[in-house]
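What follows is a single structure, written as structure tokens, with notes after it.
Sequential numbering from 1 along the given sequence is applied to the chain's residues. Small disclaimer: the values here were computed from a predicted structure and weren't measured.
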Amino acid sequence: MTNAHTQQQPQGLLQNRWFHLVLAVLLMAMISGVQYSWTLYSNPLKEKLGVSLAVVQTAFTLSQVIQAGSQPGGGYFVDKFGPRMMLILSGAMVLVGWSLMGTVNTVAGLYALYTLAGAGVGIVYGTAINTATRWFPDKRGLASGFTAAGYGMGVLPFLPVISSVMATKGVSTAFMITGFIQGIVIIILAFIIRFPEQPGGAKAKKVVTSKDFTSKEMLKTPHFWILWTAFFSVNFGGLLLVANSAPYAQSIGIPVATITIAVSIQNIANGGCRPFWGAVSDKIGRFKTMSIVFLINSIVLFLFPIVSKISPAVFIVALALAFFTWGGSYALFPSINSDMFGTAYSAQNYGFFWAAKATAAIFGGGVGAAVATALGWQAAFTITAGTSFIAFALATFVIPRMGRPVKPGVVETEVEEVSV
């Protein structure tokens with residue numbers, strides 16, 4: 001009797017959707033630093049390699065691009081075989097790529113290792129977010145929001161470690177320690193996390209309905225491309241700040257100690273807003289929520305280089321507001337992906353959405369730094385404010401009027417309306 005009971009306990013835990021939501025959040029936390037701690041590394045790497053900020057930030061751009069490139073392919077295998085195999089592979093990529101970045105003495109080496117780590121991040125991100133939306137079909141906004149919050153806030157425990165290790169032992173050791181922890185934890189979680197099973201404990205089989213679009217079918221719909229454009233547009237400003245918040249702060253005379261605090265607060269705002277906006281979207285609809293968030297973000301980005309010079313405190317508040325209104329997109333778009341195009345191919349499909357972020361990263365990384373150097377930070381932020389306004393306009397006036405996409409050969413009345 002005791003043996004039977006102990007054997008059933010793990011099974012019950014492994015079928016608990018809240019347990020898997022925690023695991024998805026933890027996965028996100030382990031890849032968070034590959035993006036959100038980068039701003040602390042950029043200036044030390046610039047000095048170590050003896051190159052311009054734009055050259056160093058191009059590494060950030062390449063990492064973002066490869067994140068998008070790895071998601072559709074990784075998502076295909078995740079949808080087909082489950083998360084374990086791809087998480088083991090991606091954990092090894094993060095471990096090797098991020099751990100060794102501080103040891104390189106050439107720009108080419110930096111680019112190669114950051115893209116390797118970025119490829120691993122893309123696979124982990126897609127797996128984690130789709131784990132959440134599959135376990136919570138009734139609360140996709142909330143679940144994807146909490147999971148995305150892990151990506152936005154997971155770096156926080158690492159920030160004081162990075163700052164301390166950089167100050168005492170240098171940038172190479174900071175990369176090594178954080179990369180090892182992140183990669184090992186991802187690999188361990190690969191053996192625990194799983195997608196939902198059918199009632200009765202049978203392995204879940206892919207059930208394709210009239211609401212499930214393959215990637216090929218999705219890419220043929222105008223809905224995807226309008227949504228892709230909105231995702232791309234709102235990411236301009238957020239990624240510019242992700243890559244350059246510390247260099248920008250230094251350029252206006254913010255003390256280094258204050259910058260470390262600001263980066264921590266920006267990540268709290270970035271992560272904390274995601275379950276908040278996700279829950280709001282579950283109640284009032286995805287597109288109404290997008291309208292509110294993206295309009296505020298546009299206004300904040302336009303005013304940011306003006307008000308941030310007033311004082312360090314105002315800089316921190318403005319930075320937090322910018323991230324609070326940008327980060328919500330990472331709770332909204334995974335939910336919209338599943339709402340509109342179904343869950344059967346959701347991991348692969350979201351990889352194509354993620355390409356919007358990667359494309360926007362071209363501006364947020366090297367190009368953004370080059371524009372700021374040539375034309376000033378006000379010009380750079382005005383551009384991003386404009387693109388966020390485009391996202392607001394699409395979410396407010398275009399996407400809601402398009403209705404739900406219909407698969408070829410499916411009668412429109414057979415398709416249930418999407419709640420957005």
Side-chain angles (χ1 to χ4, degrees), residues 129-130 132-133 136-149 151-152 211 213 218 221-239 269-303 320-343 346 349-350 352-354 356-357 360 384-406 412 415-420:
I129 207 74
N130 283 285
T133 56
F136 287 85
D138 55 330
K139 296 175 181 170
R140 285 188 182 127
L142 181 66
S144 61
F146 271 113
T147 307
Y151 192 58
K211 295 183 289 183
F213 285 67
M218 179 185 73
T221 67
H223 304 71
F224 168 77
W225 292 105
I226 298 297
L227 287 166
W228 190 97
T229 302
F231 199 18
F232 162 79
S233 298
V234 78
N235 266 287
F236 257 58
L239 291 172
N270 183 25
C273 76
R274 299 180 185 199
F276 172 78
W277 291 120
V280 168
S281 76
D282 284 336
K283 291 186 177 296
I284 70 171
R286 313 285 183 224
F287 300 141
K288 288 180 182 177
T289 307
M290 289 167 68
S291 296
I292 296 168
V293 174
F294 298 162
L295 179 60
I296 298 173
N297 184 253
S298 176
I299 296 169
V300 170
L301 286 174
F302 179 77
L303 295 176
L321 280 173
F323 275 88
F324 188 81
T325 51
W326 166 64
S329 64
Y330 295 104
L332 298 174
F333 282 95
S335 302
I336 290 170
N337 171 47
S338 295
D339 290 342
M340 277 207 168
F341 303 109
T343 58
S346 57
N349 286 348
Y350 191 60
F352 287 97
F353 273 97
W354 198 255
K357 179 193 175 188
T384 64
T387 60
S388 285
F389 188 83
I390 291 172
F392 156 76
L394 291 174
T396 305
F397 304 112
V398 179
I399 304 171
R401 300 181 182 181
M402 297 178 71
R404 182 171 189 138
V406 180
E412 192 164 354
V415 182
E416 180 183 317
E417 285 299 312
V418 64
S419 174
V420 291

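Every residue two or more places apart in sequence or in another chain was checked for a side-chain hydrogen bond (donor to acceptor under 3.5 Å, both in side chains) with Tyr350, and none qualifies.
Rounding to the nearest 0.5 angstrom, the gap separating the CG atom in Leu142 from the OG1 atom in Thr133 is 12.5 Å. Between atom OG1 of residue Thr147 and atom CZ of residue Phe136 there is a gap of 8.5 Å, rounded to the nearest 0.5 Å. Once rounded to the nearest 0.5 Å, the distance linking CG of Asp339 with CG of Leu332 reads 10.5 Å. One finds the CG atom of Leu227 at 5.5 Å from the CE atom of Met340 (value rounded to the nearest 0.5 Å). Annotation: the span from Thr387 atom OG1 to Phe236 atom CZ amounts to 5.5 Å, rounded to 0.5 Å.
Pairing each heavy atom of Asn130 with each of Ser346, the nearest pair is OD1-OG, 2.7 Å. The minimum heavy-atom distance between Ser329 and Phe231, with the atom names listed, is OG-CE1, 3.9 Å. Between Asn349 and Phe213 the shortest heavy-atom distance is ND2-O, 3.0 Å. Between Ala148 and Tyr330, the shortest heavy-atom distance links the atoms CB-O, 3.5 Å. Shortest non-hydrogen contact noted between His223 and Met402 is NE2-O, 3.4 Å. Across Lys357 and Tyr151, no two heavy atoms sit closer than the pair NZ-OH, 3.8 Å.
Between the side chain of Thr396 and the backbone N or O of Ala393 there is no donor-acceptor pair closer than 3.5 Å. Of the possible polar contacts, one joining the Ser335 side chain to the Arg140 backbone as a donor-acceptor pair under 3.5 Å is found. At least one donor-acceptor pair closer than 3.5 Å links the side chain of Trp228 to the backbone N or O of Phe352.
Residues Phe287 and Ile336 form a side-chain contact, since some pair of their non-hydrogen atoms from C-beta on lies under 4.5 Å apart. Side chains of Phe341 and Arg404 form no contact here, defined as non-hydrogen atoms less than 4.5 Å apart. In this structure the side chain of Leu394 never reaches within 4.5 angstrom of the side chain of Met290, judged on heavy atoms. Between Phe392 and Val293, the closest side-chain pair of non-hydrogen atoms is not below 4.5 Å.
Ring to ring, Trp326 and Phe323 are close: their centroids are under 6.0 angstrom apart.
There is no side-chain donor-acceptor pair under 3.5 Å between Ser388 and Ser298. No hydrogens or angles considered: a donor-acceptor pair under 3.5 Å links the side chains of Arg286 and Ser281. The closest side-chain donor-acceptor pair between Thr343 and Ser338, if any, does not fall under 3.5 angstrom.
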Output, in order, the C-alpha distance, side-chain angles, deciding distance and verdict of side-chain contact (heavy atoms from CB on, under 4.5 Å) for Ile284 and Ile292. CA-CA 11 Å; Ile284 70 171; Ile292 296 168; 4.2 Å; yes
With ring pair (Phe, Tyr, Trp, His ring centres under 6.0 Å) as the criterion, how do Phe333 and Trp354 come out once you've worked through the C-alpha distance, each side chain's angles and the decisive distance to 0.1 Å? CA-CA 9 Å; Phe333 282 95; Trp354 198 255; over 10 Å; no
Please lay out, stage by stage, how Met218 and Phe353 fare under the test side-chain contact (heavy atoms from CB on, under 4.5 Å). CA-CA 11 Å; Met218 179 185 73; Phe353 273 97; 4.0 Å; yes
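Put simply, the residue from Leu301, Thr325, Leu321 that forms a side chain to side chain contact (heavy atoms under 4.5 Å, CB included) with Ile296 is Thr325.
In the displayed structure, Phe224 atom CZ is contacted under 6.0 Å by more than 12 heavy atoms of other residues, nucleotides or ligands. By the neighbour-count criterion of 12 heavy atoms within 6.0 Å, atom CZ of Phe389 is sparsely surrounded, having that number or fewer from other residues, nucleotides or ligands.
Remark: Asp282 does not engage Lys139 in a salt bridge, criterion side-chain N to carboxylate O under 4.0 Å.
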